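Below you'll find the structure, written out as C-alpha cells, and then a few comments.
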Amino acid sequence: MATQDASLVASPARRAVRRVRQLEDERKLAFLLLAPTGILLGLFIAYPFVTGIWLALTDTRVGVPGDFVGLKNFVKIWNDSIFRIAVWNTVWYTFVTTVFKLALGLWLAVLLNRHFRGKAFVRAFVLLPFIIPTVLSTFAWKWMFDPTFSVLNWLLWKLGIIDARINWLGDPDLALWSVMVVNIWRGVPFYAITLLAGLQTISPELHEAAAIDGARPWQRFWYVTWPLLLPVTMVVTLFSVIQTFADFQLVYVLTGGGPANATQLFATYAYQLGIGTGLLSEGAAISLAMFPILFLVVILQLLYIRRVETR
Amino acid sequence: MAGVSIRQVNKLYDGAVHAVKDVSLEIHDKEFVVLVGPSGCGKTTTLRMVAGLESITSGEVLIGDTVVNELPPMDRDIAMVFQNYALYPHMSVFDNMAFGLKMRKFARAEIQARVKQAADILGIHELLHRKPRQLSGGQRQRVALGRAIVRHPQVFLFDEPLSNLDAKLRVQMRVELKKLHERLGTTAIYVTHDQVEAMTLGDRVVVMKDGLVQQVGEPLELYNAPANRFVAGFLGSPAMNFVEVRLAERGGALWAEGDGLRIQPLPEQAGRLARLNGGRATLGVRPEDLRIANGSDPEGLCFEADIEVIEKLGAQILLDTRAGSHTIVASVEPTVRARVHDRLRLAINPDRLHFFDAANEAAI
Ligand SMILES: Nc1ncnc2c1ncn2[C@@H]1O[C@H](COP(=O)(O)OP(=O)(O)OP(=O)(O)O)[C@@H](O)[C@H]1O
Ligand SMILES: [Mg+2]
C-alpha cells in the first residue's frame with residue numbers, strides 16, 4: 001500500500017527533479033541568471049546608445065525623420081563656439097569640484113573615523129545633502145543665491161564684508177563658481193562616506209605601529225593611511241568624475257546654462273539644442289562627444305587602479 | 001637600555017571597565033618579563049599603557065628614570081611586536097623594517113646597515129624585496145621582529161607574537177626569541193596566555209587574573225611555590241589536582257581528610273595548618289608528584305584510586321583516576337603496566353604537597 005502511494009506521487013516529483021537537473025548545467029543556469037540583467041541593459045543602455053549614435057549621424061529634428069548625413073553634425077559642433085565653451089566649462093567644472101570634493105570628503109572621513117560622542121548621528125547627518133532630491137536642494141540653493149532675498153548676501157552684508165549686492169548666478173564671472181559650490185556641497189557626502197568605509201578597513205594597529213615607529217600624525221596619514229586608501233579613492237573619484245562630467249540637474253535648475261553660456265555644460269547644451277531647439281541630431285552629437293573623453297578618463301583610471309592594487 | 005617601573009597603575013575604560021587594578025612591577029634592565037593570565041585579565045592593556053597606546057588612568061610608568069605617562073609612543077624609545085604583526089601591507093619587507101629609522105631621520109647608509117644586520121640575525125635576507133602578503137606566517141613574524149630590533153630600542157614589547165603560528169613553528173620561534181634576547185639583551189615585556197611560553201621565555205613571570213597581579217617570580221619559583229590556588233592551577237600541564245579536605249587532629253597528628261583520601265602532611269606543613277584545625281582547606285598535588293605506591297610508603301601518604309582513562313604520551317603515562325568523588329591525574333613512568341578499571345594505590349611526594357585556604361585561596 002505504502003509503496004503504491006509512493007510511486008503515484010513520484011511522477012510529478014520526478015519531473016521537478018529533472019527540471020532541477022537541467023539547472024545544474026552551468027551554461028544554462030548562467031544564461032538564465034544573466035538574462036534579466038541582459039534585457040535591462042539592452043533596453044535601457046544599449047538601445048538608447050545605439051539610437052543616439054544613429055541620431056547623431058542623421059539630420060533628424062523633432063517631427064522630421066531625418067536622413068543619413070554622415071559626420072556633418074560633428075563637424076558643425078566642432079566649429080560651434082558655444083560647444084567649445086561648454087567643453088571647457090565642463091572640464092573646468094569637473095576638475096575644480098572633484099579636487100574640492102575629494103579634499104573635503106577625505107577630511108570629513110578622517111574626522112568621522114575618530115571616536116566621539118554622537119558619532120552615528122553625525123555620520124547620518126553628513127549624508128543629508130546626498131539624500132535630499134537634487135532638484136529640491138538645488139531650488140533651496142537658488143533661493144540662497146537670489147540677489148535680493150539672498151541669505152548669503154544678507155549674511156555677508158551684516159558681517160560688513162560686502163556693501164553691494166552680489167548677483168551670484170547672474171554675474172558671468174561668478175555663476176560657474178556658484179554652481180560649483182552647490183555641486184561640491186552635494187558631492188562631498190558620497191566621498192566622505194565611501195572613504196570612511198575605506199578607512200575602516202585599515203587596521204588601527206597599523207597606525208599604532210607607525211606611532212611607535214616615530215611617525216607624526218600627518219606622516220601616519222601620508223605613509224600609511226593614504227597609500228592604503230588609494231584604491232578606494234580612485235574608484236570613488238572615477239564614479240564622481242563620470243557623474244560630474246555629465247551633470248545636468250544642478251545647472252538646469254540654477255542657471256539653465258546662462259548667463260551668456262557662462263555655465264553651459266555638455267549635458268545642458270545637448271539638452272538645449274536637442275530638446276529646446278528641436279535639433280535632435282545635433283543634441284545627440286554633443287552627448288556623444290562626451291563619450292571619448294570619459295572613455296579616456298575611465299581607461300586611465302582603471303589602469304591606475306589596477307597598478308595600485310597589484311602593487 | 002633601561003628598566004621599566006610600573007607603579008600602582010590602574011586602567012578604567014570609559015570609567016566603567018576596571019581592566020587593570022593597582023599593578024606594580026619592577027622590571028630590571030635586560031630582563032625578560034612575561035605577563036601571563038587567562039583571556040581578559042588585562043595583560044594587553046598593561047602592555048599598551050607602557051607603550052603609550054592607552055592612557056593611564058592612575059599610577060606611574062617609568063622607562064629608565066623618566067616618567068612616561070604623558071609621552072607619546074614615539075618618544076618612549078620602545079618597539080612593539082603585535083599579535084597580527086601589523087606590517088605595512090603596501091611596503092616591502094625592507095621598507096617595513098626601515099620605516100622607523102626613516103621617521104627618525106637616520107642616514108641612508110646607517111639604515112641599510114641596520115636592516116641588513118637585522119635581516120642576517122633573523123635569516124630573512126632573501127625576503128627583503130617582498131611584500132608582506134607574499135610571506136608565510138612565520139616569515140611575517142620574523143619581519144615584525146626585525147622591525148622592532150633595527151631601532152635598538154630601550155624596551156621590547158610583545159603582545160602574543162606567536163599565537164598566530166602553528167604549534168611546531170611556535171616552539172621554534174620561541175627558541176629563537178630566547179636566543180635573540182640573549183644576544184641583544186634588550187629589556188622585554190612579553191604578553192601571552194600560554195603558560196608554556198611564559199615558563200620557557202621569562203626570566204620572571206607575572207601571573208595576572210581579573211586585572212590583578214597574582215604572583216611575580218622566576219618560573220620555577222611560581223611552579224614550586226604558587227602563592228594561591230589560581231597560580232597553582234594555571235601553571236603546569238597537566239594541571240594540579242585539587243581536593244577539598246577537612247583538617248582534623250587524630251592521635252596527635254594533623255590529617256587532611258577528603259572524599260576518598262586521607263593524607264598526613266609532614267610536620268612542618270602541619271604546623272602551618274594547625275590554625276585551621278577542624279576547618280576546611282584545598283589540597284593540591286601535581287600529577288608528577290604522584291606515583292604508584294609500594295609496600296614501604298607510609299599509610300598517611302597513600303590512597304586508593306580507580307583508573308578511568310590511560311593517556312600514553314610516550315615520555316610519560318597519564319592516569320586519569322577516580323578517588324571518591326575526585327578525578328585525580330597522575331603522571332607515571334612509561335614502564336608502568338596498568339589497565340582501565342584497575343584499582344591501584346597512589347603515593348604522594350610529601351615535600352610537594354600544597355594547601356590553600358578554603359576562603360581566600362592563598363597558599364598555606
Ligand atoms: N577599548 C576597550 N574598551 C573597553 N573595555 C576594554 C577595552 N579594551 C579592553 N577592555 C576590557 O579590559 C579587560 C582587559 O582586556 P585586555 O585586552 O587587556 O585582556 P588580555 O589579558 O590582553 O586578554 P587576551 O588574552 O584575550 O588578549 C577586558 O575585560 C576587556 O573586555
Ligand atoms: Mg590581549
Side-chain angles (χ1 to χ4, degrees), chain A residues 102 106 109-110 112-122 194-237 301-311, chain B residues 13-14 44 47-48 50-55 68 71-92 95-106 111 130-134 140 143-144 146-151 153-161:
Chain A
L102 179 57
L106 191 57
V110 170
L112 290 179
N113 197 30
R114 299 181 169 211
H115 286 286
F116 57 88
R117 250 169 215 271
K119 188 167 64 173
F121 180 76
V122 176
T194 321
L195 292 177
L196 177 62
L199 281 179
Q200 283 173 343
T201 64
I202 301 175
S203 160
E205 279 190 354
L206 291 181
H207 286 106
E208 293 175 350
I212 290 174
D213 267 342
R216 311 253 152 216
W218 73 265
Q219 288 175 315
R220 297 206 280 274
F221 176 82
W222 184 243
Y223 290 112
V224 178
T225 311
W226 177 250
L228 292 175
L229 197 60
L230 201 53
V232 177
T233 311
M234 295 303 294
V235 173
V236 184
T237 312
Q301 255 170 331
L302 286 180
L303 283 179
Y304 191 65
I305 288 172
R306 211 139 123 217
R307 217 192 75 199
V308 167
E309 278 180 345
T310 56
R311 208 166 47 181
Chain B
Y13 281 111
D14 312 320
T44 298
L47 194 75
R48 288 169 61 85
V50 175
L53 298 173
E54 211 70 72
S55 66
V68 296
L71 284 186
M74 71 182 85
D75 297 329
R76 296 190 181 196
D77 204 6
I78 45 141
M80 183 153 168
V81 178
F82 294 83
Q83 181 172 356
N84 302 317
Y85 319 134
L87 298 176
Y88 309 119
H90 55 296
M91 295 184 199
S92 68
D95 288 332
N96 262 283
M97 286 164 68
F99 187 70
L101 301 174
K102 280 183 189 155
M103 289 302 110
R104 287 181 159 77
K105 307 233 160 22
F106 277 71
I111 294 177
R130 290 209 206 161
K131 291 282 163 57
R133 71 185 137 75
Q134 300 166 316
R140 283 178 208 186
V143 176
R147 185 169 67 179
I149 66 180
V150 288
R151 296 232 327 271
Q154 305 244 34
V155 182
F156 283 139
L157 305 175
F158 299 96
D159 190 0
E160 310 211 17

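All values derive from a computational prediction rather than experimental measurement. Here is how names work: the chains are called A, B, and so on, in the same order as the sequence lines, proteins then strands, and each is numbered from 1.
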Of the backbone (N, CA, C, O) and the side chain (C-beta and beyond), which part of L87(B) lies under 4.5 Å from a heavy atom of chain A, both, or neither?
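L87(B) touches chain A through backbone heavy atoms alone.
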Please flag which part of D77(B) lies under 4.5 Å from any non-hydrogen atom of chain A: side chain, backbone, both or neither.
neither
Over all atoms of both residues, closest heavy-atom pair of K119(A) and L112(A)
CD-O, 3.8 Å
What are the two closest non-hydrogen atoms of V50(B) and R76(B), and how far apart are they?
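The answer is O-NH1, 2.9 Å.
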Part of Q219(A) within contact of chain B (heavy atom distance under 4.5 Å)
side chain
Between H207(A) (side chain only) and V224(A) (backbone N and O only), is there a donor and an acceptor less than 3.5 Å apart?
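The answer is no, because no donor-acceptor pair under 3.5 Å joins these two groups.
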Could you tell me which of L206(A), I202(A), D213(A) has the largest number of non-hydrogen atom pairs under 4.5 Å with chain B?
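Of L206(A), I202(A), D213(A), D213(A) has the most heavy-atom pairs under 4.5 Å with chain B.
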For the residue pair Y85(B) and N96(B), confirm or rule out a side-chain donor-acceptor distance under 3.5 Å.
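Note: Y85(B) and N96(B) side chains miss the donor-acceptor criterion.
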